[in-house]
Amino acid sequence: MVMIGCLLLIILPLIGFVVGAYFGDVAIGLWAAAGGFGLAVLVCSISVTALVKSRPS
């Protein structure tokens, strides 16, 4: 799960930039990349939280 979250940190901003730049201009691409990065950080933090909670104490 952590690996998926870390890969999303690279993939989602790139996809957001490409799609935003295609449908708008470079400024929209940068905003979409920032949104993709925020979403990836959220997914990564959720997977890390699940990993920490599943660890036996």
Side-chain angles (χ1 to χ4, degrees):
M1 285 176 62
V2 175
M3 189 172 125
I4 292 171
C6 291
L7 284 175
L8 288 178
L9 285 172
I10 297 170
I11 294 171
L12 284 180
L14 287 175
I15 291 173
F17 180 75
V18 168
V19 171
Y22 180 75
F23 287 117
D25 58 351
V26 175
I28 295 173
L30 291 175
W31 278 105
F37 182 74
L39 183 65
V41 167
L42 178 70
V43 170
C44 187
S45 65
I46 289 172
S47 66
V48 168
T49 304
L51 181 66
V52 168
K53 284 186 177 183
S54 70
R55 230 174 95 176
S57 25

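None of these values were measured; they are calculated from a predicted model.
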Peer 1: Minimum heavy-atom separation for Leu8 and Ala40, please, with both atom names.
Peer 2: O-CB, 3.3 Å

Peer 1: Atom CD1 in Ile10, atom CZ in Phe37: separation rounded to 0.5 Å?
Peer 2: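 Output value for this atom pair is 10.5 Å.
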
Peer 1: Show me the side-chain donor-acceptor pairs of residues 49-56 shorter than 3.5 Å, one per line, residues at least two apart or across chains.
Peer 2:
from: Thr49; atom 1: OG1; to: Ser45; atom 2: O; distance (Å): 2.7
from: Ser54; atom 1: OG; to: Ala50; atom 2: O; distance (Å): 3.4
from: Ser54; atom 1: OG; to: Leu51; atom 2: O; distance (Å): 2.9

Peer 1: Looking at every non-hydrogen atom in both residues, tell me the closest pair between Ala32 and Gly16 and how far apart they are.
Peer 2: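 That closest heavy-atom pairing would be CB-O, 3.0 Å.
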
Peer 1: Hey, what else clusters with Leu30 if you join Ile, Leu, Val, Met, Phe, Trp, Tyr whenever side-chain heavy atoms sit under 4.5 Å?
Peer 2: Phe17, Val26

Peer 1: Within this structure, what is the CG-CG distance for the pair Leu9 and Leu39, rounded to the nearest 0.5 Å?
Peer 2: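 Going from the CG atom of Leu9 to the CG atom of Leu39 covers 10.0 Å.
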
Peer 1: Just so I know, are the side chains of Ile46 and Leu42 near enough to count as touching, which here means a heavy-atom distance under 4.5 Å?
Peer 2: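 Side-chain contact under 4.5 Å: yes.
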
